[in-house]
Amino acid sequence: MLYLTSDNFPIFVPFGVIGFYRYLWYCIRLAACFAYRPVPLPETPTYIAEEDVTIIVPTIDAGEEFKEAARSWLVGKPKEILIITEEKMLGPLQELANAVDPERIRVLTVPFANKRLQMSHGIKNTTTDIIVFADDDAIWPPTLLPYVLACFEDQKIGGVGTSQRVQPVGINMTVWEVLAAFRLSIRNIEISCSTHIDGGLPCLSGRTAAYRTIILKDPEFLYGFTHDYWLGKYQLNSGDDKFLTRWMVSHGWSTYVQCCKEAELLSTMKPNWRFLKQVLRWTRNTWRSDMRSLFTERYIWTSHPYVAYTMVDKLFNPFTLLAGPCLVAYLVYKSTISTDNGGYHLPWWNILCSYLVWLLATRTAKLLPHLWYRPQDIVYVPAFIVFGYYFAIMKLYALCTLHETGWGTRTGIGDIAAATAAMDKQNAHNADDNETVNNSHTGELSDEKFSSFNTKTSFDNSYIPPKMQRYPPPAPPNGLQDMSQPYQYSSSGSGSSGTKIGNGSGSGSSSNASRNGSGSGSGSGGGIVRRETNGRRMDVIEESYLMR
């Protein structure tokens with residue numbers, strides 16, 4: 001190749017620099033991946049799955065694989081599993097739930113198949129501190145829940161992800177499943193690397209991810225989550241995990257990923273060409289979400305600069321990847337011309353063989369972490385190389401078709417806007433019913449908006465996420481308080497709010513204190529949480545800190 005560069009050396013310098021830069025960063029990622037350490041199990045855990053975990057599974061077509069997945073979830077002893085489906089699938093899914101564990105698995109329904117509406121319905125029916133979203137085919141190791149909950153010992157952590165690998169549908173993996181396994185192996189390196197470098201993640205994968213319920217109960221989140229539009233007119237159904245990840249970043253919450261065998265789930269992939277349709281949907285979601293993170297919301301630049309760098313790199317990746325074969329094609333053409341007419345010395349077959357050897361060597365090196373465990377997959381490295389170039393072209397196609405918001409690989413997904421409108425109508429009807437009940441039962445709050453639950457996290461003054469401001473109470477008319485109202489306001493004093501069911505006590509005057517308890521702790525007047533004397537529990541009014 002040095003002989004080739006003697007023909008026109010300046011042409012090859014930029015491409016050499018690009019190649020050196022890309023593989024230098026890959027070596028840095030590997031080093032960060034090796035330096036990464038998962039969060040260990042605490043000696044005295046704050047969170048216990050039996051008390052604090054609800055698993056939410058949105059699905060419309062779960063089959064027999066659901067039984068194996070559900071049994072793996074139940075090994076971790078969660079308090080409850082909520083299966084959220086559309087109304088016409090209630091019977092079949094109830095049969096599946098009854099076959100596994102009818103006591104700990106509940107099946108709830110929404111009017112139409114819509115993943116985000118199904119997830120939000122599950123959130124509203126959750127009473128535990130931690131929500132874990134899971135795909136209906138995600139198989140967990142017995143230790144997954146304890147290792148996920150260990151991350152929440154840090155009160156700054158709002159969401160936790162896991163590492164993943166592919167579970168074959170049949171006895172042996174198809175080429176499509178091997179390609180998916182290659183992608184997951186590279187992804188495991190990338191997420192452990194970014195977590196170690198700056199604590200950020202490009203995405204908390206929806207296959208399995210855990211969140212604090214207090215964040216997701218926020219009415220602002222629930223509305224934004226179910227009314228998410230691209231360019232203001234294309235409503236989104238998929239991409240829920242990207243939305244959740246961006247919400248963590250934009251509202252001051254940290255994230256973490258447990259990349260270890262104890263928290264590594266198994267997930268099935270499409271064993272045929274339909275895998276390409278999955279990848280296309282994921283690619284569109286990535287384009288939309290990354291552009292929002294980088295150019296619209298922009299919190300990622302200061303919160304997680306390394307993750308921002310990887311997002312920018314992905315924007316240019318298809319162009320730099322396709323530049324390689326374009327350059328080789330140009331060199332092959334030039335090598336067919338005589339040197340007297342400006343051609344190159346090396347024959348075309350020499351250039352082409354050198355390029356193919358380079359591709360095989362570098363791509364195999366990238367896949368070494370996967371090949372260490374499955375060396376038999378080395379025969380699929382050429383297919384991975386071909387798929388890489390196909391994927392680059394697909395990314396450009398996805399960029400030009402971001403208005404396409406369909407699911408692509410599932411039947412039964414109808415009009416997103418119609419499903420959202422139906423759910424909004426149902427929620428408005430339920431709200432009217434609740435208001436009627438409230439008016440007929442003085443002092444009792446049955447409205448879902450004011451439902452309360454206990455959380456074990458102690459949000460003291462040393463940490464309140466930047467965007468999680470305390471809810472400012474409205475000033476009572478004429479400075480007087482109406483003693484007939486269940487929540488009273490205080491214009492001064494310290495403490496957070498009590499709730500209707502609270503019985504906590506402490507020093508200082510509280511704001512929003514309930515009839516049955518006074519607020520305790522420290523904080524500005526108008527806070528929306530009440531700490532108990534042990535400093536660990538608090539009750540939430542209006543469902544959570546309101547994100548402002």
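For Glu262 (side chain) and Thr143 (main-chain N/O), no donor-acceptor pair under 3.5 Å exists by modelled atom type. Between the side chain of Asn285 and the main chain of Arg281, a donor-acceptor pair closer than 3.5 Å is present. Counting only distance, with no hydrogens or angles, the side chain of Arg212 and the backbone of Ile157 share a donor-acceptor pair below 3.5 Å. Not one N or O on the side chain of Thr126 forms a donor-acceptor pair closer than 3.5 Å with the backbone of Thr128. Looking at Thr174, its side chain does come within 3.5 Å of a backbone N or O of Pro271 through a donor-acceptor pair.
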Exercise for review: Please step through side-chain hydrogen bond (donor to acceptor under 3.5 Å, both in side chains) for the pair Glu153 and Thr46, ending with a clear verdict.
Suggested key: CA-CA 7 Å; Glu153 298 293 327; Thr46 302; 2.8 Å; yes

Check your understanding: Does the side chain to side chain contact (heavy atoms under 4.5 Å, CB included) test come out yes or no for Phe391 and Thr283, once each step is laid out?
Key -> CA-CA 9 Å; Phe391 181 60; Thr283 304; 3.3 Å; yes

Check your understanding: Can Val312 and Trp301 be said to form a side chain to side chain contact (heavy atoms under 4.5 Å, CB included), step by step?
Key -> CA-CA 11 Å; Val312 173; Trp301 293 101; 3.7 Å; yes

Exercise for review: Kindly determine whether Glu404 and Leu280 satisfy side chain to side chain contact (heavy atoms under 4.5 Å, CB included), including the steps that lead there.
Suggested key: CA-CA 10 Å; Glu404 296 286 343; Leu280 178 59; over 6 Å; no

Practice item. Starting from the C-alpha separation in whole Å, work towards a yes-or-no answer on side chain to side chain contact (heavy atoms under 4.5 Å, CB included) for Ser194 and His304. Key: CA-CA 9 Å; Ser194 63; His304 307 297; over 6 Å; no

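Contact record, Tyr36 with Ser192: CD1-O, 3.6 Å, taken as the closest heavy-atom pair. Between Pro318 and Lys395, the shortest heavy-atom distance links the atoms CD-NZ, 4.0 Å. Here the shortest heavy-atom pairing between Ala134 and Ile55 reads CB-CG2, 4.2 Å. Ala263 and Thr162 make their closest contact through O-CB, 3.2 Å (heavy atoms, listed as atom of the first residue, atom of the second, distance). Nearest heavy-atom pair across Val107 and Leu93 is CG2-O, 3.9 Å. Closest approach of Gly76 to Leu145, counting heavy atoms only: O-CD1, 3.8 Å.
Contact annotation: the side chain of Met119 never approaches that of Ile84 to less than 4.5 Å [non-hydrogen atoms, C-beta and beyond]. Within the 4.5 Å cutoff, no side-chain heavy atoms of Ser238 are placed close to those of Thr405. With contacts defined as side-chain heavy-atom distances shorter than 4.5 Å, the pair Lys366/Tyr26 qualifies. At least one side-chain heavy atom of Trp73 sits less than 4.5 Å from a side-chain heavy atom of Val57. Between Ile215 and Phe221, every side-chain heavy-atom pair lies at or beyond the 4.5 Å cut-off. Here the side chains of Glu64 and Lys67 are in contact, with some heavy-atom distance below 4.5 Å. A 4.5 Å side-chain heavy-atom check between Val39 and Tyr147 finds every atom pair outside the cut-off. In this structure the side chain of Leu396 reaches within 4.5 angstrom of the side chain of Leu322, judged on heavy atoms.
Considering CG of Leu276 and OH of Tyr390, their distance stands at 4.5 Å, rounded to 0.5 Å. Separation of atoms NE2 (His121) and CG (Asn125) is listed at 4.5 Å; rounding is to 0.5 Å. The OG atom of Ser163 sits 7.0 Å away from the CG atom of Leu265 when rounded to the nearest 0.5 Å. To the nearest 0.5 Å, atom CZ of residue Arg116 and atom CG of residue Asp240 are 6.0 Å apart. Taken to the nearest 0.5 Å, the SG atom of Cys259 stands 12.5 Å off from the CZ atom of Arg37. Leu144 contributes atom CG, which lies 9.0 Å from atom CG of Leu149 (distance to the nearest 0.5 angstrom).
Remark: His370 pairs with Phe182 by the ring-ring contact (aromatic ring centres under 6.0 Å, His included) rule, at least two apart or across chains. Contacts of Asp137 classified as salt bridge (Lys or Arg N to Asp or Glu O under 4.0 Å), with partners at least two apart in sequence or in another chain: none.
Applying the salt bridge (charged side-chain N to carboxylate O under 4.0 Å, His left out) rule to pairs touching residues 291-308 yields Asp228-Arg292, Arg246-Glu297, sequence neighbours excluded. Contacts classified as salt bridge (charged side-chain N to carboxylate O under 4.0 Å, His left out) and involving residues 102-114 (residues at least two apart or in different chains) are given here: Glu80-Arg106, Asp101-Arg104. Listed by first and then second residue, the salt bridge (charged side-chain N to carboxylate O under 4.0 Å, His left out) pairs that reach into residues 158-175 are Arg165-Glu264, sequence neighbours excluded. A salt bridge (charged side-chain N to carboxylate O under 4.0 Å, His left out) check over residues 176-191, counting only residues at least two apart or in different chains, returns nothing.
Ring geometry for Trp247 versus His251: interplanar angle under 30°, hence parallel rather than tilted (30 to 60°). The aromatic rings of Phe152 and Tyr47 lie perpendicular to each other, with more than 60° between the two planes, well past the 30° mark.
In Lys77, the NZ atom is not crowded: 12 or fewer heavy atoms of neighbouring residues, nucleotides or ligands sit closer than 6.0 Å. Within a 6.0 Å sphere centred on CZ of Phe295, other residues, nucleotides and ligands contribute more than 12 heavy atoms.
Put simply, the residue from Asp135, Asp136, Thr85 that forms a side-chain hydrogen bond (donor to acceptor under 3.5 Å, both in side chains) with Thr59 is Asp136.
Taking the centre of each ring, Tyr309 and Trp25 come in below the 6.0 Å mark.
Salt-bridge formation is detected for the pair Asp290/Lys242: a Lys NZ or Arg NE/NH1/NH2 atom is positioned less than 4.0 Å from an Asp or Glu carboxylate oxygen.
Cation-pi geometry between Lys115 and Phe243 is not met: the NZ or CZ atom fails to fall both under 6.0 Å from the ring centre and inside 45° of the normal.
A donor-acceptor contact closer than 3.5 angstrom links the side chains of Thr208 and Trp140.
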